[in-house]
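Working notes for the structure below.
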Amino acid sequence: MSALLITLSGLLLPFGALSAWAAYGLADTGRYVSTMAPLAEDPDVRDAVADTVGDGIMREVDVGPPMQGTVAPFVHDAVRSFTQTRAFRLAWDAGNRATHDAVLRALQDEREEAVTVDLAPVTAQVRDQLAHDHVPLAARIPVQHTAVAVLPAAELDRLRKGFHVLEVAGFWLPVAAVVFAAGGIALAVRRRRAVTATALGTALGGALLGLALSAGRALTLAGLPSDVPHPAAAAVYDALTATLRTVSWLLLALGLTVALLAWLSRHARRRPAALREPDTGTADPGSLRTDAPSSDQNMPVT
């Protein structure tokens, strides 16, 4: 029974860490925005945003084909310069917050309609920041209510069920892993061996979690469409899973450290016993006392 509980604890540990990360990390808007904020400084993300926004502007600008080859590089350079400003970082945080709020509300509601994000508040913040920086004609930037589709309605039911499962598993799986580990150690006949096995199972769970993250990264990038910039997508994946990678290394280090300490304590107790002189049960002949009289001395003289 002890071995079974310890094995279950090691198996549940990586799944518990993954579900807890999804339920309490990704589902929190503040943490999500804080996690995504450094990506505004990432060169690959900036290039992807500049290309996407620049292509969108060129589709909206009424310029003939002969002029597009001249105007397009200028537009892309202007957008790329904008990605290095404080206004872009402000727009990046505001866009991520608006998108996350919209998706979270859709997962918690029961309405079957597509998830959209209104970019008007983001545009207004960018316009105010540009005007504050004394950019010419910034105050004339129009603020239009533009609904951008984030999730189609057909995907909501499946995502909502998965989200509810993660909410439950994010709490109970880590608790179950800890309870199984404690129960396995308590029921073990040899506690030190049980502690060592639990520690090694924890280290193995951390290693499996790290391997799963690496495999998930490769599969995610391989499944992206060809028009999605892979370096920018890799940067986003790495930012979102940074906490999980840290957890995997901590579990690995903690498990190996506890297992090593248990092994050292076991051999430290054996060493003094091995150094003690064994008791053979024989006495030194020189130490025998001869106080008692011999039989010859007690014989009567005739």
Side-chain angles (χ1 to χ4, degrees), residues 3-29 31-39 42 44-45 48 96 99-100 103-104 107 151 155 158-184 195-226 228-260:
L4 177 61
L5 292 176
I6 292 175
T7 302
L8 289 176
S9 173
L11 292 175
L12 290 179
L13 196 59
F15 294 103
L18 183 61
S19 58
W21 163 78
Y24 299 105
L26 291 183
D28 186 88
T29 302
R31 292 195 185 100
Y32 177 81
V33 174
S34 299
T35 300
M36 298 295 288
L39 292 178
D42 188 274
D44 294 326
V45 174
N96 279 299
T99 303
H100 192 274
V103 173
L104 194 60
L107 293 178
L151 286 175
E155 298 289 333
R158 179 176 60 85
L159 293 176
R160 190 176 289 123
K161 291 179 180 178
F163 178 72
H164 292 327
V165 170
L166 286 176
E167 282 186 318
V168 176
F171 176 79
W172 287 110
L173 283 183
V175 171
V178 174
V179 170
F180 286 160
V195 171
T196 303
T198 304
L200 292 177
T202 300
L204 180 60
L208 291 176
L209 180 59
L211 292 176
L213 292 175
S214 299
R217 186 180 191 272
L219 293 175
T220 299
L221 296 180
L224 292 176
S226 57
V228 176
H230 282 53
V236 173
Y237 183 92
D238 292 339
L240 290 176
T241 58
T243 301
L244 273 181
R245 289 199 306 273
T246 302
V247 170
S248 67
W249 283 110
L250 287 176
L251 291 176
L252 180 62
L254 177 63
L256 293 179
T257 301
V258 173
L260 179 61

Provide the closest heavy-atom pair for [X] versus [Y] in the form atom of the first, atom of the second, distance.
{"X": "Leu244", "Y": "Ala17", "value": "CD2-O, 3.6 Å"}
{"X": "Leu39", "Y": "Ala235", "value": "CD2-O, 3.6 Å"}
{"X": "Thr202", "Y": "Gly255", "value": "CB-CA, 4.3 Å"}
{"X": "Ala23", "Y": "Gly170", "value": "CB-CA, 4.2 Å"}
{"X": "Ser9", "Y": "Phe180", "value": "CB-CB, 3.9 Å"}
{"X": "Pro14", "Y": "Gly205", "value": "CB-O, 3.7 Å"}

Drop me the distance from [X]'s [atom1] to [Y]'s [atom2], to the nearest 0.5 angstrom.
{"X": "Leu12", "Y": "Thr7", "atom1": "CG", "atom2": "OG1", "result": "10.5 Å"}
{"X": "Leu13", "Y": "Leu204", "atom1": "CG", "atom2": "CG", "result": "10.0 Å"}
{"X": "Leu26", "Y": "Arg31", "atom1": "CG", "atom2": "CZ", "result": "10.5 Å"}
{"X": "Leu209", "Y": "Trp21", "atom1": "CG", "atom2": "CH2", "result": "10.0 Å"}
{"X": "Leu208", "Y": "Phe15", "atom1": "CG", "atom2": "CZ", "result": "8.5 Å"}

Considering the options Leu254, Thr246, Leu252, which one meets the side chain to side chain contact (heavy atoms under 4.5 Å, CB included) requirement together with Leu250?
Thr246
Test of understanding: with ring pair (Phe, Tyr, Trp, His ring centres under 6.0 Å), list the residues that count as partners of Tyr32, not counting sequence neighbours.
His100
Any side-chain heavy atom of Leu104 sitting closer than 4.5 Å to one from Phe163?
yes
Is any side-chain heavy atom of Leu240 closer than 4.5 Å to one of Met36?
yes
Listing request: all side chain to side chain donor-acceptor pair (under 3.5 Å) pairs with a residue in residues 231-241, at least two apart in sequence or in separate chains.
Arg217-Asp238, Thr241-Arg245
